[in-house]
There are 2 protein chains.
Amino acid sequence: MTQIKSKKFMLLDPVQTDHIHCESCPIRHRAVCARCEADELELLEEIKYYRSFEAGQHIIWSGDKMDFVGSVVSGIATLSQTMEDGRTQMVGLLLPSDFVGRPGRSGAAYDVVATTDLVMCCFRKKPFEKMMETTPHIAQRLLQMTLDELDAAREWMLVLGRKTAREKIASLLAIIARRDASLHLNAKNGPLVFDLPLTREAMADYLGLTLETVSRQISALKRDGVIVLEGKRHVTIPDMERLLEEAGDDSDGGMLD
Amino acid sequence: MTQIKSKKFMLLDPVQTDHIHCESCPIRHRAVCARCEADELELLEEIKYYRSFEAGQHIIWSGDKMDFVGSVVSGIATLSQTMEDGRTQMVGLLLPSDFVGRPGRSGAAYDVVATTDLVMCCFRKKPFEKMMETTPHIAQRLLQMTLDELDAAREWMLVLGRKTAREKIASLLAIIARRDASLHLNAKNGPLVFDLPLTREAMADYLGLTLETVSRQISALKRDGVIVLEGKRHVTIPDMERLLEEAGDDSDGGMLD
DNA sequence: TTTTACTTTTGATCTGGGTCAAAGATTTTG
DNA sequence: CAAAATCTTTGACCCAGATCAAAAGTAAAA
């Protein structure tokens, strides 16, 4: 079993990994835990289950009661909000190992839609919340993940509020490239290559633009050699530094711990 | 001592409040805690201190090392991000009782600026983090608060990405009115009255607009009777429903637990 | 009370990105 | 494979909000 490198993607840093059944499972045993390991695994198995969704399927409707939390095992989903007149804004992108759900809340705040075929690892909410109370490290890990999401949301506020269309596209490409690289453990310095997981319309909804503007700006970045396109979706970034400049980002690329 | 009504504003729901020294103090004793009450209060006192700031003063610079967390006791502060060329985007508004800081992170991600004279109740970060480990409810409470902030940030993404200038202004006024009302425990149904805590420029930075557009749209809302202005800052909302319509919001006003 | 320094409003003009329209690509279906 | 349905690109035009400019409050300092 391959280990995911970034600790960002785990609810608890695994001290022993040999009991893990699901790679992106948000509950992991921890050596320091006072409870008996067997007990925990039993409880864990009891409340864990898998759900599969087809591309395009609504996973959760905003406002619905949500009786589970979980994490993406494979596939991609989007979080979005829609106004009555149909204007929609994507507020998050869920890639494998990302957490879904709001412990302590009864209702869903956003629509969650599967962009590709998708598998989720779910936990019934009530038992999960009980487990959070008895296993403090779960709450602490969730806090860290939520702080990461908050940082991402706030970074996106700068993109939405102050960047030009070209900078917005470059910012989105940079984020996808970065996440994709960390997921696939790419060689660091070569040109980055990936397939866009989103349609032009989905990108527009993420960026607060129209799909026509997205298309035009992608064409412009291609014309200017910032990106190389094969077909509509396959992207090569010959020079990540250049892309980040186009995105208007600091060259240092944010701060980690 | 008056009790703040909304549980949203406390790190732990107070079971006994007679030991609380600071109204917006993020650490509160809890009856279920296994540790001796005296011990906790002693530790608490040891790591707690107050800091005062003048209007306009930078509290935290983005990127700086931050060795404390805390909460606003009185006054108002803003969270903002700035690009190299000077474009800035506010990503949060801190009112009394709001939490500041990122347990587990060494660096500040945003500039924090005092908008008015301001007092903060601070805790040295290391001992606070240790306390989080020994008192699980603190992490759980922080998680709830962070989830609230995440919801707010994502709601703001919709405002920034998809709303018109008029809707943006109405949205901001609605948020300020709502927070102000919950803080002052106003009578529910009368017209809401408050003073704008922000300059036109700060509003522009929050909304992703220019200050001229902010001024024009406020004038327009005034002309159309949606708001009543006395002087530049004193606002009366004669009809909150009307304001929410102008903001393009669902009439139900979001979901709480 | 005048001076100096903001903050806010209002006007005139410009432009980036939206809107409307149509034609290519690409994929799916029959 | 042709037909239908999507997705994407490109063009022509328009408008909400930006930019530039100046005047009018307001408030702190002298």
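To find a chain, count down the sequence lines: A is the first, B the second, and so on, and within it residues start at 1.
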### Task
Give the rounded distance in Å between these two atoms: CG of D205(B) and P of dT8(C).
12 Å
### Task
Using the closest heavy atom to pick a nucleotide of DNA chain D for each, name whichever of G231(B) or I218(A) lands nearer the 5' end.
I218(A)
### Message
Using a 4.0 Å heavy-atom cut-off, does G208(B) contact any base of the nucleic acid, only the sugar-phosphate backbone, or nothing at all?
### Response
sugar-phosphate
### Task
Calculate the interatomic distance between R200(B) atom CZ and dT10(C) atom C1'; express it in whole Å.
13 Å
### Under 3.5 Å donor-acceptor pair, E201(B) side-chain atoms to dC6(C) base atoms
no
### Task
Round to the nearest Å and state the distance from R233(B) atom CZ to dA27(D) atom P.
10 Å
### Query
Does T213(A) have a side-chain nitrogen or oxygen under 4.0 Å from the phosphate oxygens OP1 or OP2 of dG18(C)?
yes
### Task
Could you check T115(B), D205(B), T88(B), D111(B) and say which one makes a side-chain contact (heavy atoms from CB on, under 4.5 Å) with T78(B)?
T115(B)
### Message
By nearest heavy atom, map K232(A) and L209(B) onto DNA chain D; which one lands nearer the 5' end?
### Response
K232(A)
#### Entry: Check: dT19(C) base within 3.5 Å donor-acceptor of R216(A) side chain
yes
#### Entry: L211(A) CG to dC20(C) C1', straight-line distance once rounded to whole Å
12 Å
#### Entry: Presence of T210(A) side-chain N/O under 4.0 Å of dG17(C) phosphate oxygens OP1/OP2
no
### Task
Starting at atom CG of L196(A), determine the distance to atom P of dT9(D), rounded to an integer number of angstrom.
10 Å
### Message
Is there a side-chain contact between S219(A) and the phosphate of dT10(D), meaning an N or O under 4.0 Å from OP1 or OP2?
### Response
yes
### Message
Categorize S215(B) for me: base, sugar-phosphate, or nothing, with a 4.0 angstrom heavy-atom threshold over every strand shown.
### Response
base
### Task
Please tell me which of the listed nucleotides, dT9(D), dG17(D), dT26(D), lies nearest to the side chain of Q217(B)?
dG17(D)
### Message
Within the 4.5 Å heavy-atom criterion, are L94(B) and M120(B) side-chain neighbours or not?
### Response
no
### Query
In whole angstrom, what separates L221(B)'s CG from dT8(C)'s P?
16 Å
### Query
Which one, dT8(C), dG17(D), dT19(D), comes nearest to the side chain of E212(B)?
dT19(D)
### Query
Any ion pair linking E212(A) and R216(A) (charged N to carboxylate O, less than 4.0 Å)?
no
### Task
Would you tell me if any nitrogen or oxygen in the side chain of R166(A) comes within less than 4.0 Å of OP1 or OP2 on dG16(C)?
no
### Message
Whole angstroms only, please: what is the CZ-P distance between R223(B) and dT9(C)?
### Response
12 Å
### Task
Send over the distance from E230(B) CD to dT26(D) P, rounded to a whole Å.
13 Å
### Query
Can you list the steps and then say if W156(A) with V91(B) is a side chain to side chain contact (heavy atoms under 4.5 Å, CB included)?
CA-CA 9 Å; W156(A) 209 248; V91(B) 297; over 6 Å; no
### Query
Yes or no on side chain to side chain contact (heavy atoms under 4.5 Å, CB included) for L150(A) and R102(B), after CA distance, side-chain angles and deciding distance?
CA-CA 11 Å; L150(A) 186 56; R102(B) 316 198 304 159; over 6 Å; no
